[in-house]
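Here's the structure, in structure tokens; my notes come after.
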Amino acid sequence: SYLEFSPTFITEKTYKAIMCQRPFILYAGAYGLRQLRKMGFKTFAPYINEEYDECRDDIERMRMVADEIERLCNLPDDELKDLFYNHLFPVAIYNQTVLKKYQNQFTAKKWFPEIDSYFRYTANLDDIIQKELYK
């Protein structure tokens, strides 16, 4: 299935936005927002139209994201300020709390075990550092 062979991998760019309490629109593979919700995060619907997340066509999904960004940019300043402060920032604050609390659990092994099983190499960073220090 599309989800099995093309899972959306949440990158450091998304985690950075979450850690910095920034509302975001996720341009990634289809179902990226679904993956975030599965991990315990909230997304910004209904304040941001997130229908793009279900679109499997990359070009169409990009168009949908661009349309939503344009819609937000064209909001009157007072409406945009209300949207951010009263609706989006509370979600962003919640997401930061989730990330801080569960950051050690957000691993490929937990969320993508079928992918993780292909990677046999493991290394202990402390062991590598010790070897480098005592060469």
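Predicted, not measured: the structure shown is a model, and the values here were computed from it.
At least one side-chain heavy atom of F44 sits less than 4.5 Å from a side-chain heavy atom of E50. By the 4.5 Å heavy-atom criterion applied to side chains, E51 and M64 are counted as neighbours. T14 is listed as a side-chain neighbour of L36, based on a closest heavy-atom distance under 4.5 Å. Considering only heavy atoms from C-beta on, K13 stays 4.5 Å or farther from K16 through its side chain. In this structure, L72 and I48 have side chains that are in contact, with non-hydrogen atoms separated by less than 4.5 Å. Using a 4.5 Å cut-off on side-chain heavy atoms (C-beta onward), Y52 and L33 make contact.
The salt bridge (charged side-chain N to carboxylate O under 4.0 Å, His left out) contacts involving residues 68-94 comprise E68-R71, where partners must be two or more places apart or lie in separate chains.
Taking OH from Y94 and CD1 from I18, the interatomic distance works out to 11.5 Å, rounded to the nearest 0.5 Å. A distance of 6.0 Å separates CD in Q96 from CE in M19, rounded to the nearest 0.5 Å. For the atom pair CG of L88 and CD1 of I93, the computed distance is 11.0 Å after rounding to the nearest 0.5 Å. With rounding to the nearest 0.5 Å, the separation of CD1 in I69 from OH in Y27 is 11.0 Å. If you take CZ on F41 and CG on L26, they are separated by 11.5 Å, rounding to the nearest 0.5 Å.
With salt bridges taken as basic N to acidic carboxylate O contacts below 4.0 Å, one links E54 and R34.
Classified by interplanar angle (parallel below 30°, tilted 30° to 60°, perpendicular above 60°), the ring pair H87/Y47 is parallel.
At least one donor-acceptor pair under 3.5 Å links the side chain of R61 to the backbone N or O of C55. Side chain of R22 to main chain of C20: a donor-acceptor pair is present (N/O by atom type, distance under 3.5 Å, no hydrogens or angles). No side-chain donor-acceptor contact under 3.5 Å links D58 to the backbone of G29.
Inspection of the Y31 and R56 side chains reveals an N or O donor paired with an N or O acceptor under 3.5 Å.
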Check your understanding: Checking side-chain contact (heavy atoms from CB on, under 4.5 Å) for the pair T43/V91: CA distance, chi angles, key distance, verdict?
Key -> CA-CA 7 Å; T43 59; V91 174; over 6 Å; no

